[in-house]
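Remarks on the structure that follows.
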Amino acid sequence: MIEPGARAPGFTLRDQDLEKVSLADYEGRHVVLAFYPGDFSPVCSDQLSIYQEVLGEIEERGASLLGISVDGVFCHRAFREQNGLQMPLLADYHPKGEVSAAYGAYRADRGFNNRSLVLVGPDGTVEWSYESPSDLEIPGANLIFDALER
């Protein structure tokens with residue numbers, strides 16, 4: 001997992017609407033990168049639904065939240081619509097997991113991301129990171145709020 005103090009690797013990925021989204025688009029803001037295994041799994045649905053419930057509070061604290069998995073854009077679109085999600089979902093689809101691997105979130109042995117959170121500061125430096133100890137353990141929203149308060 002990427003360590004605090006490291007320069008956040010730049011990226012440009014497509015979102016659920018086929019729009020290009022770059023980390024550089026968020027320069028000057030905090031960005032929470034929420035890496036997750038895949039769309040439509042019960043635990044991932046719960047994880048992103050929890051983040052959706054507090055998305056307004058995250059944004060009130062001056063941060064943006066981006067979900068990242070190795071699923072494709074059309075899968076992201078359907079998943080987002082089914083779950084009423086508003087945060088962008090970015091497709092780290094091809095080359096599979098390249099951006100996630102740069103952050104230490106891709107599990108090549110399993111072909112998907114681990115559940116992890118990375119807080120990138122306004123200057124592009126990683127301020128905090130967290131890797132869930134299990135595929136079934138959801139990193140709670142409280143972790144995001146604690147990181148933003150540091």
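Along the sequence shown, residues carry numbers from 1.
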**Message:** Apply side chain to side chain contact (heavy atoms under 4.5 Å, CB included) to residues Arg61 and Phe145 and explain how you reach the verdict.
**Reply:** CA-CA 9 Å; Arg61 292 188 169 131; Phe145 293 125; 2.3 Å; yes

**Message:** Is there a side chain to side chain contact (heavy atoms under 4.5 Å, CB included) between Val31 and Leu66? Walk through the geometry before answering.
**Reply:** CA-CA 7 Å; Val31 180; Leu66 305 174; 3.8 Å; yes

**Item:** Distance in Å, Tyr93 OH paired with Asp71 CG, rounded so as to fall on 0.5 Å steps
**Value:** 9.0 Å

**Request:** Could you name each residue pair satisfying side chain to side chain donor-acceptor pair (under 3.5 Å) that touches residues 16-34, not counting sequence neighbours?
**Result:** Thr12-Ser22, Arg29-Ser64, His30-Glu127

**Request:** Please list, chain by chain and in numerical order, all residues satisfying side chain to side chain contact (heavy atoms under 4.5 Å, CB included) with Pro95, sequence neighbours excluded.
**Result:** Glu98

**Tyr36 side-chain N/O to Gln47 backbone N/O, donor-acceptor pair under 3.5 Å** = no

**Complete:** For Pro88 and Leu65, the nearest pair of non-hydrogen atoms, with its separation, is CD-O, 3.6 Å

**Prompt:** Closest heavy-atom contact between Ala34 and Tyr51?
**Reply:** CB-CE1, 3.9 Å

**Prompt:** Hey, what else clusters with Phe74 if you join Ile, Leu, Val, Met, Phe, Trp, Tyr whenever side-chain heavy atoms sit under 4.5 Å?
**Reply:** Leu18, Val73

**Request:** Nearest 0.5 Å please: distance from the CG atom of Leu33 over to the CZ atom of Phe11.
**Result:** 5.0 Å

**Message:** Could you report the tightest heavy-atom contact between Gly72 and Ala91, atom names first, then the distance?
**Reply:** C-CB, 4.0 Å

**Fill in**
Value for OG (Ser49) from CD (Gln82), rounded to nearest 0.5 Å, stands at 9.5 Å

**Fill in**
Glu137 and Tyr130 have their tightest heavy-atom pair at OE2-OH, 3.4 Å

**Request:** Please lay out, stage by stage, how Arg115 and Cys44 fare under the test side chain to side chain contact (heavy atoms under 4.5 Å, CB included).
**Result:** CA-CA 9 Å; Arg115 290 185 203 289; Cys44 292; 3.3 Å; yes

**Request:** Might you work through the side chain to side chain contact (heavy atoms under 4.5 Å, CB included) test for Leu48 and Leu89, ending with a clear yes or no?
**Result:** CA-CA 10 Å; Leu48 292 178; Leu89 299 181; 4.1 Å; yes

Contacts under 3.5 angstrom, residues 117-124 side chains, donor-acceptor by atom type, not counting sequence neighbours:
from, atom 1, to, atom 2, distance (Å)
Asp123, OD1, Thr125, N, 3.1
Asp123, OD1, Thr125, OG1, 3.3
Asp123, OD2, Thr125, OG1, 3.4

**Message:** Hydrophobic cluster membership, with links at side-chain heavy-atom distances under 4.5 Å among I/L/V/M/F/W/Y: are Leu90 and Val32 in one?
**Reply:** no

**Donor-acceptor contact below 3.5 Å, side chain Lys96 vs main chain Val70** = no

**Prompt:** Is it true that Arg77 and Asp15 make a salt bridge, defined as a side-chain N closer than 4.0 Å to a carboxylate O?
**Reply:** no

Acceptor/donor pairs from residues 52-59 side chains to any protein atom, 3.5 angstrom cut, sequence neighbours excluded:
from, atom 1, to, atom 2, distance (Å)
Gln52, OE1, Gln86, N, 2.6
Gln52, NE2, Gln86, OE1, 3.3

**Message:** If I compare all heavy atoms of Ile50 with all of Ala141, which pair ends up nearest, and what's the gap?
**Reply:** CG2-CB, 4.2 Å

**Fill in**
In this structure, CG of Leu143 is separated from CD1 of Ile138 (nearest 0.5 Å) by 11.5 Å

**Message:** How long is the straight-line distance from OG of Ser69 back to CG of Asn113, given to the nearest 0.5 Å?
**Reply:** 6.5 Å

**Asked** Checking Arg107 side chain against Phe112 main chain: does a donor-acceptor pair fall under 3.5 Å?
**Response** no

**Fill in**
Closest heavy-atom pair, Ala101 versus Tyr106, reported as atoms and distance to 0.1 Å, is N-CB, 3.6 Å

**Message:** So, using ring pair (Phe, Tyr, Trp, His ring centres under 6.0 Å) as the criterion, who are the partners of Phe79 when residues are at least two apart?
**Reply:** Phe40

**Item:** Donor-acceptor contact below 3.5 Å, side chain Asp92 vs main chain Ile68
**Value:** no

**Request:** Consider only side-chain heavy atoms of I, L, V, M, F, W and Y, link residues closer than 4.5 Å, and tell whether Trp128 and Leu148 are in one cluster.
**Result:** yes

**Approximate separation, where rounding is to 0.5 Å, of Leu85 CG and His76 NE2** = 11.0 Å

**Message:** Keeping Ser129 on the side-chain end and Ile2 on the backbone end, is there a donor-acceptor pair under 3.5 Å?
**Reply:** yes

**Asked** Are Phe35 and Val126 connected in the hydrophobic side-chain network, where two residues link if heavy atoms are under 4.5 Å apart?
**Response** yes

